[in-house]
**Student:** 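I am attaching a structure below and will ask some questions about it afterwards.
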Amino acid sequence: MNGDTYIRIAGIIKRCTGINDFSLFRKRCTKRIGKLIYHRHYSASDIIRVMEEMGMQRGSLVCVHASMMQFYNYDGTAQELIDGIMESIGPEGTLMMPAFPAHIDGYDYSEPFFFDVDNDKTGAGYLAEVFRQMKGVKRSAVAKSSACAIGPLADYLVGEHHLCQDCWDAYSPWYRMCLEGGLVFNLGMPRSYIGTFHHCVESTLKNEHPYWEQFFNRKGYYNYVSGGQRGEYVNMDSDLVRKTRESQVTRYFTEEEWSIRKLSNLEIKMFNSRKALDKMIELGRKGVSVYRIPSAANYNKA
């Protein structure tokens, strides 16, 4: 099924059912069912303990993607979890989270997108928004894939993001996180979810093959204000419909590249970003992609 057909079918289903956001609808249904199945309660300390067993330690660079809607039996707050992570990694460690602005969805490229780096709420979930508002947290100026960070590596990670050509290249916090061997923790995210850093694959390979080049076929123009200073930049992007099936690449991963644990209902997944990215780039050069749309089925015929 091609992207246009997928959009038409999705539009018909939305009109017939009245459901505008299927992802949110699915999460709410899953939560209702999950509460009937899972009863064990857990705290921030329990989550931290599991994260430490999976590799987090003092001095770690840690990136967290989280959906707190999936924390069914969590006895605690977002701030308690953030504080626990920061205590575990210590002042030598760096914590990072996604921070793209909520209103980036629906940007139609007809005029420059404006990003208030200091004040725009993030669309990356409640935990990320609480983190964004904390004193000392720094945020990158690239709206499409903004990140927040605190710690010794924060300036290095987010400070030059606006110099990127495509959001995920060598100036991005996502690529630099991988260079530093950051640990990416997904808390309550879908089983197949990898995280923003997987886009570094298409950025790395865009000049090597038409399949990857197609992800950067249009320019987006952005204006931003940060710390009272205004700026502008251009990012290459694409109008492609993207649908992922991450299992197409994760089935090749070893325990060195990722691991999964469960705490009551909460699935905790950890990626060694450097090793996982290296594996995805290796697979990408063979035509193995996280995307089912656009498909890489004809990769070797291009």
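None of these values were measured; they are calculated from a predicted model. The analysis underlying the following values was restricted to heavy atoms, covering all of them including side chains, and did not include hydrogens, waters or symmetry mates.
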**Student:** Without swapping roles, check the side chain of Tyr299 against the backbone of Gly284 for a donor-acceptor pair under 3.5 Å.
**Tutor:** yes
**Student:** Got Ile194 and Met280 here, is their nearest side-chain heavy-atom distance under 4.5 Å?
**Tutor:**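 Answer yes - side chains close enough.
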**Student:** Please give me the minimum heavy-atom distance between Pro152 and Gly93, naming the atom from each residue.
**Tutor:**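 Residues Pro152 and Gly93, closest heavy atoms: CD-O, 3.2 Å.
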**Student:** Same cluster or not: are Met51 and Leu127 linked, directly or through other Ile, Leu, Val, Met, Phe, Trp or Tyr residues, by side-chain heavy atoms under 4.5 angstrom apart?
**Tutor:** yes
**Student:** Does CD belonging to Gln248 count more than 12 external heavy atoms closer than 6.0 Å?
**Tutor:** yes
**Student:** Between OG of Ser238 and CG of Asp166, what distance do you get to the nearest 0.5 Å?
**Tutor:** 11.5 Å
**Student:** If we ignore hydrogens and angles and just use 3.5 Å, is the side chain of Glu213 paired with the main-chain N or O of Asn207 as donor and acceptor?
**Tutor:** no
**Student:** Centroid separation under 6.0 Å, is that true for the rings of Phe100 and Phe115?
**Tutor:**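 Between Phe100 and Phe115, which both carry aromatic rings, the centre distance is not below 6.0 Å.
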**Student:** Check whether any side-chain heavy atom of Met134 sits under 4.5 Å from a side-chain heavy atom of Val137, and report yes or no.
**Tutor:** yes
**Student:** Could you check whether any side-chain heavy atom of Val290 comes within less than 4.5 Å of a side-chain heavy atom of Thr250, counting everything from C-beta outward?
**Tutor:**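 Result no, sub-4.5 Å side-chain heavy-atom pair not found.
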**Student:** Taking the side chain as every heavy atom from C-beta outward, state whether Leu95 and Ile89 have any atom pair closer than 4.5 Å.
**Tutor:** yes
**Student:** Given Phe71 and Leu263, is the side chain to side chain contact (heavy atoms under 4.5 Å, CB included) satisfied, shown in steps?
**Tutor:** CA-CA 10 Å; Phe71 286 44; Leu263 182 61; over 6 Å; no
**Student:** Kindly state whether the ring of Phe113 and the ring of His103 have centres lying under 6.0 angstrom apart.
**Tutor:** yes
**Student:** Atom CD of Glu52 and atom CD1 of Ile47: how far apart are they, to the nearest 0.5 Å?
**Tutor:**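 It comes to 12.0 Å.
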**Student:** What class does the angle between the rings of Trp258 and Phe253 fall in, given that below 30° is parallel, 30 to 60° is tilted and above 60° is perpendicular?
**Tutor:** perpendicular
**Student:** Checking side chain to side chain contact (heavy atoms under 4.5 Å, CB included) for the pair Ile268/Met54: CA distance, chi angles, key distance, verdict?
**Tutor:** CA-CA 9 Å; Ile268 301 175; Met54 298 175 81; 3.7 Å; yes
**Student:** Do Val201 and Trp212 make a side-chain contact, defined as non-hydrogen atoms from C-beta onward lying under 4.5 Å apart?
**Tutor:**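 A side-chain contact exists here, since the closest heavy-atom pair is under 4.5 Å.
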**Student:** Would you say Tyr291 and Glu202 are linked by a side-chain donor-acceptor pair, where the criterion is simply a distance under 3.5 Å?
**Tutor:**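 On atom types as modelled, these side chains qualify, holding a pair under 3.5 Å.
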**Student:** What residue pairs, at least two apart or across chains, pass side chain to side chain donor-acceptor pair (under 3.5 Å) with a residue in residues 115-127?
**Tutor:** Asp116-Asn119
**Student:** Excluding sequence neighbours, so at least two apart, what forms side chain to side chain donor-acceptor pair (under 3.5 Å) with Ser60?
**Tutor:**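 Checked Ser60 against side chain to side chain donor-acceptor pair (under 3.5 Å); zero matches.
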**Student:** Of the non-hydrogen atoms in Cys178 and Ser273, which two are nearest, and what is the gap between them?
**Tutor:** CA-OG, 3.3 Å
**Student:** Taking the six-membered ring where the residue is Trp, are the ring centres of His65 and Phe185 under 6.0 Å apart?
**Tutor:**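 So the answer is no for these two rings.
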**Student:** What are the two closest non-hydrogen atoms of Lys269 and Pro190, and how far apart are they?
**Tutor:**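 Heavy atoms only, the tightest pair is NZ-O, 3.4 Å.
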**Student:** Can you tell me how far the NE2 atom of His161 sits from the SG atom of Cys167, to the nearest 0.5 Å?
**Tutor:**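 With rounding to 0.5 Å, NE2 (His161) is 5.5 Å from SG (Cys167).
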**Student:** For Met96 versus Ala147, what's the shortest heavy-atom pair and its separation?
**Tutor:**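 That would be CE-CB, 4.1 Å.
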**Student:** Whether the side chain of Arg139 engages the backbone of Val117 through a donor-acceptor N/O pair (distance < 3.5 Å, no angle test) should be reported.
**Tutor:** yes
**Student:** Under 3.5 Å, is there a donor-acceptor pair between the Thr77 and Gln79 side chains?
**Tutor:**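 Their side chains do not contain a donor-acceptor pair, so the 3.5 Å distance test is not met.
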**Student:** Is it possible for you to say whether Leu163 and Leu157 belong to one hydrophobic cluster, with membership spreading through side-chain heavy-atom contacts below 4.5 Å?
**Tutor:**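 Not linked; separate clusters.
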**Student:** Quick check on the hydrophobic clustering: are Met270 and Met177 connected, directly or via other members, by side-chain heavy-atom contacts under 4.5 Å?
**Tutor:**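 They do not share one cluster, since no chain of ILVMFWY contacts under 4.5 Å joins Met270 to Met177.
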**Student:** Using the side chain to side chain contact (heavy atoms under 4.5 Å, CB included) criterion, which residues pair with Asp237? Sequence neighbours excluded.
**Tutor:** Tyr109, Lys144, Arg242
**Student:** What are the two closest heavy atoms between Phe131 and Cys148, and how far apart are they?
**Tutor:**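 For Phe131 and Cys148, the tightest heavy-atom pair comes out as CE2-O, 3.7 Å.
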**Student:** Are the side chains of Phe271 and Asn186 in touch, meaning some heavy atoms are under 4.5 Å apart?
**Tutor:**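 Yes, side chains in contact.
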**Student:** Assigning hydrophobic clusters by single linkage (Ile, Leu, Val, Met, Phe, Trp, Tyr; side-chain heavy-atom cutoff under 4.5 Å), is Leu266 placed with Leu183?
**Tutor:**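 Yes; Leu183 is reachable from Leu266 via cluster members.
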**Student:** For the backbone of Tyr211 and the side chain of Gln214, can you confirm whether one donor and one acceptor N or O come within less than 3.5 Å of each other?
**Tutor:** yes
**Student:** Within a strict 4.5 Å, meaning less than it, do heavy atoms of the Gln70 and Ser67 side chains meet?
**Tutor:**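 They are in contact (side-chain heavy atoms under 4.5 Å apart), so the answer is yes.
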**Student:** Apply side chain to side chain donor-acceptor pair (under 3.5 Å) to Ser259 and list each qualifying residue two or more places apart in sequence or on a separate chain.
**Tutor:** none
**Student:** Is there a side chain to side chain contact (heavy atoms under 4.5 Å, CB included) between Glu180 and Leu153 once you walk through the steps?
**Tutor:** CA-CA 9 Å; Glu180 297 296 322; Leu153 292 176; 4.3 Å; yes
**Student:** Crowded around Glu232 CD? As in, over 12 foreign heavy atoms under 6.0 Å?
**Tutor:** no
**Student:** About how many Å separate CD of Glu87 and CD1 of Ile85, when rounded to the nearest 0.5 Å?
**Tutor:**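 Rounded to the nearest 0.5 Å, the CD1-CD separation comes to 11.5 Å.
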**Student:** With rounding to the nearest 0.5 angstrom, report the OG to CG distance, Ser45 to Asp75.
**Tutor:**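 Between Ser45 OG and Asp75 CG, I get 11.5 Å after rounding to 0.5 Å.
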**Student:** Charged N to carboxylate O below 4.0 Å: is that the case for Glu257 and Lys279?
**Tutor:**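 Here Glu257 pairs with Lys279 in a salt bridge, since their nearest N and O are under 4.0 Å apart.
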**Student:** Going through the distances and angles, do Leu81 and Ile48 end up as a side chain to side chain contact (heavy atoms under 4.5 Å, CB included)?
**Tutor:** CA-CA 8 Å; Leu81 180 54; Ile48 301 302; 4.0 Å; yes
**Student:** Sorted by first residue and then second, give each side chain to side chain donor-acceptor pair (under 3.5 Å) pair with at least one member in residues 168-177; sequence neighbours left out.
**Tutor:** Glu160-Arg176
**Student:** For the atom pair CE (Met86) and CD1 (Ile82), what is the distance rounded to the nearest 0.5 Å?
**Tutor:** 8.5 Å
**Student:** Main chain of Glu246, side chain of Thr244: is a donor-acceptor contact present, judged purely on distance under 3.5 Å?
**Tutor:**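 Flag not set: sc Thr244 to bb Glu246 has no pair under 3.5 Å.
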**Student:** With sequence neighbours excluded, what pairs up with Gln133 under the side chain to side chain donor-acceptor pair (under 3.5 Å) test?
**Tutor:**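 Scan of Gln133 (side chain to side chain donor-acceptor pair (under 3.5 Å), adjacent residues dropped) gives Glu129.
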**Student:** If only atom types and distance count, is the side chain of Lys206 paired as donor or acceptor with the main-chain N or O of Ser203 below 3.5 Å?
**Tutor:** yes
**Student:** Does some side-chain heavy atom of Thr94 sit less than 4.5 Å from a side-chain heavy atom of Val62?
**Tutor:** no
**Student:** With a 3.5 Å cut-off and no angle check, do the side chains of Gln57 and Ser88 form a donor-acceptor pair?
**Tutor:**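 Not at all, the side chains of Gln57 and Ser88 share no donor-acceptor pair under 3.5 Å.
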**Student:** Any chance the rings of Tyr221 and Phe114 have centres within less than 6.0 Å?
**Tutor:** no
**Student:** Are Leu277 and Val64 linked, directly or through other ILVMFWY residues, by side chains that come within less than 4.5 angstrom of each other?
**Tutor:** no
**Student:** Which atom pair, heavy atoms only, marks the closest approach of Arg58 to Pro91?
**Tutor:**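 Scanning both residues completely, I find the closest heavy atoms to be NH2-CD, 3.4 Å.
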